Amino acid sequence: MIDIPKDGKIVILTGAGISKESGLDTFRGNGGLWQGFRVEKVASPHAFHENPSMVHSFYNERKSILLDKEIKPNAAHNALARLEEKWQGNVSIVTQNVDNLHERAGSKNLIHMHGELLKGRCISCDAIEIWQEEMNTESKCSHCGQIGSMRVHVVWFGEMPLKMKEIEHLLRECDAFISIGTSGNVYPAAGFVDLVSHYGMAKTVELNLEPSLNADQFSNGAYGPATEIVPKFVDELLSKLT
Ligand code: BV8
């Protein structure tokens, strides 16, 4: 168990692994293929420029899966929402995931650093809007009226992740950095644990199915399915408060 001050600031990074038991595929679990696509090949401005319809259908497929009534937050998402509610200090979640399972579990203090699958962004006017239906090359921006300028509001490879200044501030100030369900493949998220260790004395913990690529950079680790190890970790933290 890690020792964090009762009013400590906790920053939690999550990746695709936390949503796996809700029924959403991870990126590299099945050889990194997603509906037959390698995500690095499809999730890029170049791919969108070359073949917008292919990229639209890749995200439309993932959107329809996420909107399936069977897909819901799991015990790990719910445990993090409970921690945010009951912890006397600050709990912030920085998620790499573009699904909406953290917010549906009740988490409020949440940053989607790689964007959100259920939002669209207009390339012409930069307006961002909720977009749950299919998107295609004929889609019309409801803000500026432009046709064909819509893209999914997701950060592609080669694009700057969102709210990096805010994230860096959280990492600099935290007393504990918890990484859950990520392989440590994708930067800058994979570099956060190193930043935290450089900034100060925060505890760093990895909770994952198996050790990630940067497991050795964490001071503690617990391994197993997120729905088992995350609620256990949260219960241990909250037991300190009684
Ligand atoms: C940037 C949105 C700079 C899209 C995503 C070399 C060459 C080229 C580029 C780079 C390079 N080195 C670094 C880069 C940059 C690149 C990068 O890191 N590439 C990698 C592939 C090498 N990064 C970028 O391009 C980033 N931008 O660097 O910008 C810049 C600077 C200035 C100005 C402009 C730009 C942007 C990266 C964001 C890309 N978008 N997602 C979409 O979703 O379609 S990334 C995508 O993969 C996801 O968002 C996620 O973040 C990511 C990583 O995946 P994970 O979440 O870790 O999932 P994965 O499947 O890998 O692992 C799952 C883990 O869960 C596993 O460990 C598994 O064991 C575990 N697990 C499984 N089941 C369970 C479980 N754990 C618990 N319980 C279970 N049941």
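Whatever order the structure lists ligands and atoms in, that order sets their numbers, starting from 1. This structure is a prediction, so every number in the text was calculated from the model and none was measured.
- The protein heavy-atom contact nearest to atom 76 (N) of ligand 1 is Leu209 N, 3.2 Å.
- Residue contact check: Gly181 has heavy atoms under 4.0 Å from atoms 63 (C), 64 (C), 65 (O), 76 (N) of ligand 1.
- In this structure, atom 64 (C) of ligand 1 has protein heavy atoms in its sub-4.0 angstrom surroundings.
- Salt bridge Arg172/Glu168: absent, no basic N to carboxylate O contact under 4.0 Å.
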Requested in this report: Apply the test side-chain hydrogen bond (donor to acceptor under 3.5 Å, both in side chains) to residues Gln217 and Thr204: give CA-CA distance (whole Å), side-chain angles for both, the deciding distance (0.1 Å), then the verdict.
Outcome: CA-CA 8 Å; Gln217 294 179 25; Thr204 54; over 6 Å; no

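- Geometrically, ligand 1 and Phe27 share a nitrogen or oxygen pair separated by less than 3.5 Å.
- Remark: the Ser92 side chain and the Asn90 side chain contain an N/O donor-acceptor pair separated by less than 3.5 Å.
- Here Val154 has side-chain heavy atoms under 4.0 Å from ligand 1, and that is the only part of it that gets that close.
- Listed by atom number, the atoms of ligand 1 under 4.0 Å from Pro225 heavy atoms are 78 (N).
- Ligand 1 has an N or O atom lying under 3.5 Å from an N or O atom of Gly158, backbone or side chain.
- Shortest contact from atom 67 (O) of ligand 1 to any protein heavy atom: Asn208 ND2, 3.0 Å.
- Taking 4.5 Å as the limit, every side-chain heavy atom of His153 sits out of range of all side-chain heavy atoms of Glu129.
- Taking atom 31 (C) of ligand 1 as the reference point, the nearest protein heavy-atom neighbour is Met160 CE, 3.7 Å.
- Shown are Asp3, Asp7, Asp235; of these, the salt bridge (Lys or Arg N to Asp or Glu O under 4.0 Å) with Lys240 is made only by Asp3.
- For ligand 1, the polar-atom distance check against His114 finds a nitrogen or oxygen pair separated by under 3.5 Å.
- Pro188 approaches Pro161 most closely through the heavy-atom pair CD-CG, 3.5 Å.
- Of the protein's non-hydrogen atoms, the one nearest atom 58 (O) of ligand 1 is Ala16 CB, 3.5 Å.
- Interface of Glu210 with ligand 1, defined as ligand atoms under 4.0 Å from a residue heavy atom, comprises 68 (C), 69 (O).
- Taking atom 74 (C) of ligand 1 as the reference point, the nearest protein heavy-atom neighbour is Gly17 O, 3.6 Å.
- Note: no N/O pair closer than 3.5 Å links Trp156 and ligand 1 by distance alone.
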Query - Pair Glu206-Ser179, side-chain hydrogen bond (donor to acceptor under 3.5 Å, both in side chains): steps then yes or no - result: CA-CA 5 Å; Glu206 176 173 78; Ser179 176; 5.0 Å; no

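- Separating the OG1 atom in Thr14 from the NE2 atom in His112 is a distance of 8.5 Å, to the nearest 0.5 Å.
- Protein heavy atoms are found inside the 4.0 Å sphere centred on atom 70 (C) of ligand 1.
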Query raised in the report: So Glu159 and Arg151, salt bridge (Lys or Arg N to Asp or Glu O under 4.0 Å) or not? Walk me through it.
Result: CA-CA 14 Å; Glu159 295 184 324; Arg151 61 169 278 180; 2.8 Å; yes

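- Among protein heavy atoms, the minimum distance from atom 62 (O) of ligand 1 is reached at Ser183 CB, 3.3 Å.
- Set against the non-hydrogen atoms of Glu159, the atoms of ligand 1 under 4.0 Å away are 1 (C), 26 (C), 27 (N), 29 (O), 35 (C), 36 (C).
- Under a 4.0 angstrom heavy-atom cut-off, Ala189 registers as lying outside contact with ligand 1.
- The nearest protein atom to atom 22 (C) of ligand 1, hydrogens excluded, is given as Asn185 O, 3.8 Å; this is a heavy-atom distance.
- Of the protein's heavy atoms, Tyr187 O, 3.2 Å lies nearest to atom 26 (C) of ligand 1.
- Between Val98 and ligand 1, no pair of N/O atoms sits closer than 3.5 Å.
- Considering only heavy atoms from C-beta on, Glu50 comes within 4.5 Å of His46 through its side chain.
- Of the charged side-chain nitrogens involved, none lies within less than 4.0 Å of a carboxylate oxygen, so that Glu21 and Lys72 do not count as a salt-bridged pair.
- For a threshold of 3.5 Å applied to N or O pairs, the pair formed by Val155 and ligand 1 contains at least one separation below that value.
- Shortest non-hydrogen contact noted between Val55 and Val42 is CG2-O, 3.6 Å.
- Annotation: Ala43 places no N or O atom under 3.5 Å from an N or O atom of ligand 1; distance criterion only.
- Within the 4.0 Å cut-off (strictly below), a protein heavy atom is located near atom 42 (C) of ligand 1.
- For ligand 1 and Tyr59, the ligand atoms under 4.0 Å from any heavy atom of the residue are 4 (C), 42 (C), 44 (O).
- With a heavy-atom cut-off of 4.0 Å, Lys20 touches ligand 1 through its side chain alone.
- Within 4.0 Å of atom 8 (C) of ligand 1, not a single protein heavy atom is present.
- For atom 11 (C) of ligand 1, the protein comes within 4.0 Å by no heavy atom at all.
- In this structure, Ile180 and Leu13 have side chains that are not in contact, with every pair of non-hydrogen atoms separated by 4.5 Å or more.
- Looking at Phe157 and Val186, their side chains come closer than 4.5 Å, going by heavy atoms from C-beta outward.
- Close contacts between ligand 1 and Glu21 involve ligand atoms 78 (N), 79 (C), 80 (N) [criterion: under 4.0 Å to a heavy atom].
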Report task. Show your working on side-chain hydrogen bond (donor to acceptor under 3.5 Å, both in side chains) between Asn74 and Ser22 and close with a plain yes or no. Result -> CA-CA 6 Å; Asn74 62 50; Ser22 291; 2.9 Å; yes

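- Residues Ile111 and Leu170 form a side-chain contact, since some pair of their non-hydrogen atoms from C-beta on lies under 4.5 Å apart.
- Counting protein heavy atoms under 4.0 angstrom from atom 53 (C) of ligand 1 gives one or more.
- Looking only at side-chain heavy atoms (C-beta outward), His77 and Ser19 come within less than 4.5 Å of each other.
- Ring geometry for Trp156 against Tyr59 counts as tilted: the plane angle lies between 30° and 60°, on a 0 to 90° scale.
- Proximity to Gly15 (heavy-atom distance under 4.0 Å) selects the following atoms of ligand 1: 56 (O).
- Residue Arg62 approaches ligand 1 through these ligand atoms, each under 4.0 Å from one of its heavy atoms: 42 (C), 43 (O), 44 (O).
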